[in-house]
Every structure is written in C-alpha cells, then in structure tokens.
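The structure under discussion appears below in the form of structure tokens.
Quick caveat, the model's predicted, so the values are computed rather than measured. Below, read A as the first sequence line, B as the second, and so on, with proteins coming before strands; counting in each chain starts at 1.
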There are 2 protein chains.
Amino acid sequence: MNGPVIIARRLSALAPLAAETVALLESLSDIRQAPAGSEMVADQAALRPRFLINGWGARVRFLADGRRQILSFVLPGDGLGLCERPNPIALTPVVAITPVQWVEADRIAAAAFGGDNPDLEDALHIAAALDEACLLDHVVRLGRQTALERLSHLFLELRDRLTRVDLVQDQAFAFPVTQEQLADAAGLSAVHVNRTLQSLRNDDLIEYQHGRLRLLRPALLETLADYRAPMVSGWTSARHGADGHRAPFLSGHNP
Amino acid sequence: MNGPVIIARRLSALAPLAAETVALLESLSDIRQAPAGSEMVADQAALRPRFLINGWGARVRFLADGRRQILSFVLPGDGLGLCERPNPIALTPVVAITPVQWVEADRIAAAAFGGDNPDLEDALHIAAALDEACLLDHVVRLGRQTALERLSHLFLELRDRLTRVDLVQDQAFAFPVTQEQLADAAGLSAVHVNRTLQSLRNDDLIEYQHGRLRLLRPALLETLADYRAPMVSGWTSARHGADGHRAPFLSGHNP
DNA sequence: CGGTCCATTGAAGGGGTTCAATTACCGTGG
DNA sequence: CCACGGTAATTGAACCCCTTCAATGGACCG
C-alpha cells in the first residue's frame, strides 16, 4: 500500500467518505522525509497539517533534569496538526523514532474545516477522539498498572492501531522502539523494561526479536492488561469488574 | 459571581467574545443539580452539553479489580460534552465529588458549532486545548514524577485553573478532595498521599486543613514540581534543563 | 578493529504499597 | 448532652516492585 493511499484507507474506516474525498486524499503528493532523531515538530513552531505515511514518531515531554516522558507514539496514517485551531496549546515536540515520511496536508485541513467535505471533517474528528482515547488509556496505564500490565496494554494498543493501517500480520508487527524509549513511554526504567520483556517472553506471551513484535496469546494478554479496544461512536465495554470490597467512590451524601 | 456569569467570564478570558455572545452565555438558565457521588455522565449515555457552575467533578476510569484512576478534575466553569461530535469516543463516567450545579448548554453548542458565533467556537476550542494540555501534564506527572512532585504539580494546576474562574484568594482555594481521591488522581496509595502531604506541610510549602488548600511558597513549588503554566496560543516555556549526561534521544542516524 | 548504541545481567537500595490499627471528625438520634 | 456509626485522616511496620549503579556482551559501522 503506497503512501497517501494508506490515509484514505484509514480515514474511510472511521467514517464513510465520498468518492471525491477519497480522491482528494489519494492525490496528496507533497511527500517529505526526515531521518531518525529529527524533530518533526519543534517545540515552538507552528504546526502544519500533515500525515505520517512511513516510520514511527513520538510526542515527548522533558523535565528540567532530563527525565523524559513519551506522551504518545505517532504511527503511519496518523495526522499531526489536523485541528481547527492552527496554533494548538498542547504543543509538544514530536521526534522521529525511525526515518519518517509524511505528506503535507494543508489542503486537507482547509477542505475539512472550511465547511466543504463534512465527511472528511467527521473522519478527522473521530481520529482525534481516538487519539484522546489512547491518551486516557495512557493515563490509566501510568497511574494504576504494573510494569507487566503497562507493556502488555501498550502492545495491544499498538497492535490495534497498526491493524487499522494494515501493518499487522498474524499478531506480528514491526516494532522499532528502543527499550529505553519503551521505558520513557511506560514510565519505567530501561532496566526494568528489559526484565519485564523477558518475563513476557518466558511466559510465551510475546515474541520479540529483530525489531519485530508478535503477540502470542492476545486474548490472555487482554485479560492480563485489562485491555478493551476503543469503539467508534461510543465506548461500549461496561466496567466488568466486581467492585470488590472498596469503599463507595464518594461519601454517603447520596442515596 | 453567580451561575452563568462565571462561564462568560472564563470563556471571554480565552478569546474575545462579542457582546451578544456574552449575553447568550449569561442568559443560560436551565440549572440542574446533583448530590455528591452521583454520576454526572454515565458510562454509556450520550453526553449533553453543559457547564459546571458549582462544585467539583472527576472523570474516572476503573480497572477490573477495582483500581481507580482519576483522569481529570472537572471544576466550575468547565464544560462537558462541548465538542463537535455528539458522541465522543473517549466517554468515561464523570462523578460528582461534591454536590454540583450545572447549566444545560445545548443552545451554546448549537450556536458555536452551527457556524454562527465563530468567537464562541474559538473560545471552546481553546478551552478544549487547555483540557488536553492538562491531560498531557497528567501523563508526565504519572509517568515521571515522584509523589512530592506529583502533588505539588497537581496543586499548581488546580490553582491556575481555579484562578481563571476567580476562586483563588491569596493562593488559597477550597479543596474538597479526599486523600483517597487524591491518591486515585496522582496514581499513589492513600497512605502515601497522606505522608506526602505531611511532608509538604512540614516544609511549609502548603497549608491544608478544613477542606482548604493554600500554597505558601508557590514559586518554590513551581521549581520543585517543574511546573509551567500553559500559554494560550503556543506553549512558550523552553525546556530549561540541562540535557545532563543522558544519551541523545535517538540513535545517531542523524546529524 | 575500535567506537557506539543497545540489550542484558547482578546486586544493592529506596520510594511506595500493603496491612492493620488508632485517632479525629461529623451528623444523628436517643 | 452524649453515645453511636461511619467516613476520613493518621501512624507504624513489613514488604516488594522498581530504580539505580555498574559491568558485560553483542551487533552494527566506519
């Protein structure tokens, strides 16, 4: 699947697109590239609309003493700067984890938010909502899950996101992420990521070598990590757990 | 400052609003309330647009075994369900932490996203961007900060958000949050929250009693927590730290 | 072949959790 | 007015998940 086609594919899976809209997406041709390690989005710069079509990126945030936190991974098919306001507040640097290719998409943004192409606008809104859902999952991972759960959960999320752009074959996908980067994403130390990965391998839950990752028993992993795939147009999964013996969420001022 | 006025105040601080828009906001009158502990937004329900005008809420997520994570606090002046798509994906329950009051805002959403009132639309977009910035801060807190830093950082965020709706006097504000809820927000145990709070008090960094919180040395706290206030229309603060001795973010395939 | 990045392993230590109990704080009803 | 019940805050002690420090080995590359 060549460059811009991947984008049309992904977006039309989110919302039905008119034939002309698909044609518009597939006509994108202003392809750029950058080497691994480069900043796709600088800290301060205005963010021009674009779609990643090849390689991985990461939104990063730094603390003063050098601690790093990866806020999200940017995968092929993902958009950057595709929101109504040209100058979003939550601007954080995006770095290329691998060599990357993207297409400039000013025309797309203009078409979607100009009022024409409501189908496209809708698809972009859904894409943004999915991004936010991932961010919420990330919060839960970091706040309440163990190392094993965090990595499992993250792997499942990546599997699902990559599946949408057809980059997963039989639960396996290219995984060009350093263990240190993985640590920065999962809020762990690189050493402990290493040990947790080994544990996952020893338990035959994943296969991990040569920059490729395979989930061996995905159903088990989903249980282990309490993973639930986001559902477009509404979060279906009911919270399925027993409340256990925990106190009610809030004091008894209510019935 | 009575009910709906707070909303007009807050939004016009984000983007200049036309006089008629302000009037529209101030004319909101469909006030509802609910006791503490009630679900303002159920897990599955469609999310009707509204503004909280009194009390605190919290977006929560549960794991199967009962672990909880507070994704964000919802403060007076904050909107819920104010996005283009009526059925957002990232739907999570919102519970009332205190007794709450809100105004229904279907008319506002219609006006803003109907194409009239671009000023209002802009303000809502900025508000949404601020929300996202808070979420990103939350990720960094949970992923990379210590207990002391997490709480300090969270307090500073709350101070700034409450300042925007004029609920802070001399670095002090009502803080109706249980230590257990605070733990669920900060990704800590309630016990350790307690100890961390004591540490903050012993160091004369905060005053915390009778459901009121005061930041005693805010500048010091900001340094301690590496806190930087979000700037509307662009994230100004440069990362001010030394890179230390850490390896470059990515391998050396780049200049 | 030496350099660099990355994965891996060992050992020690600490920040945070868990369990358990006590104390303080309210609003309620006798 | 005080005992009562329930929630929230506090404290102690033991434990453990994860971090930190340090060192080794492997893979790729110029």
For [N], does OP1 or OP2 lie under 4.0 Å from any side-chain N or O of [X]?
X	N	value
Asn194(A)	dA7(C)	no
Arg201(B)	dT10(D)	yes
Gln198(B)	dT11(D)	yes
Arg195(A)	dT20(D)	no

>> With nearest nucleotide decided by heavy atoms, which residue, Leu188(A) or Gln179(B), maps closer to the 5′ end of DNA chain D?
In response: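 Nearest-nucleotide comparison on DNA chain D picks Gln179(B).
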> Applying the side-chain hydrogen bond (donor to acceptor under 3.5 Å, both in side chains) test to Gln171(B), which of Arg217(B), Arg214(B), Glu207(B), Arg159(B) qualifies?
Replying inline: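 Checked Arg217(B), Arg214(B), Glu207(B), Arg159(B) against Gln171(B); only one passes side-chain hydrogen bond (donor to acceptor under 3.5 Å, both in side chains): Arg159(B).
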> When you check the side-chain N and O atoms of Asn194(B) and Gln198(B), is any donor under 3.5 Å from an acceptor?
Replying inline: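 Looking only at side-chain atoms, Gln198(B) and Asn194(B) do form a donor-acceptor pair, the distance falling under 3.5 Å.
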When we call it a touch if two heavy atoms are under 4.0 Å apart, what does [X] touch: a base, just sugar-phosphate, or nothing?
X	value
Ala147(B)	sugar-phosphate
Arg144(A)	nothing
Gly187(A)	sugar-phosphate

Rounded distance (Å) that lies between atom [atom2] of [N] and atom [atom1] of [X]:
X	N	atom1	atom2	result
Tyr208(B)	dT10(D)	OH	C1'	12 Å
His192(B)	dC15(D)	NE2	P	19 Å
Leu182(A)	dC18(D)	CG	C1'	15 Å
Gln181(B)	dT7(D)	CD	P	14 Å
Glu180(A)	dT4(C)	CD	C1'	14 Å
His210(B)	dC26(C)	NE2	C1'	14 Å
Leu200(B)	dT10(D)	CG	P	12 Å
Leu151(B)	dG15(C)	CG	P	15 Å

>> I'd like to know if Arg228(B) and Glu222(B) make a salt bridge, using a cut-off of under 4.0 Å between side-chain N and carboxylate O.
In response: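 Not counted as a salt bridge, because no side-chain N and carboxylate O are separated by less than 4.0 Å.
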> Would you call Glu132(B) and Arg59(A) a salt bridge, taking side-chain N to carboxylate O under 4.0 Å as the test?
Replying inline: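 Salt bridge present between Glu132(B) and Arg59(A).
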> Considering only side-chain heavy atoms of Val191(B), which listed nucleotide, dT18(C), dT8(C), dT20(D), is closest?
Replying inline: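 So the side chain of Val191(B) is nearest to dT18(C).
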> Within a strict 4.5 Å, meaning less than it, do heavy atoms of the Arg61(B) and Arg144(A) side chains meet?
Replying inline: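 No, every pair of side-chain atoms sits at 4.5 Å or beyond.
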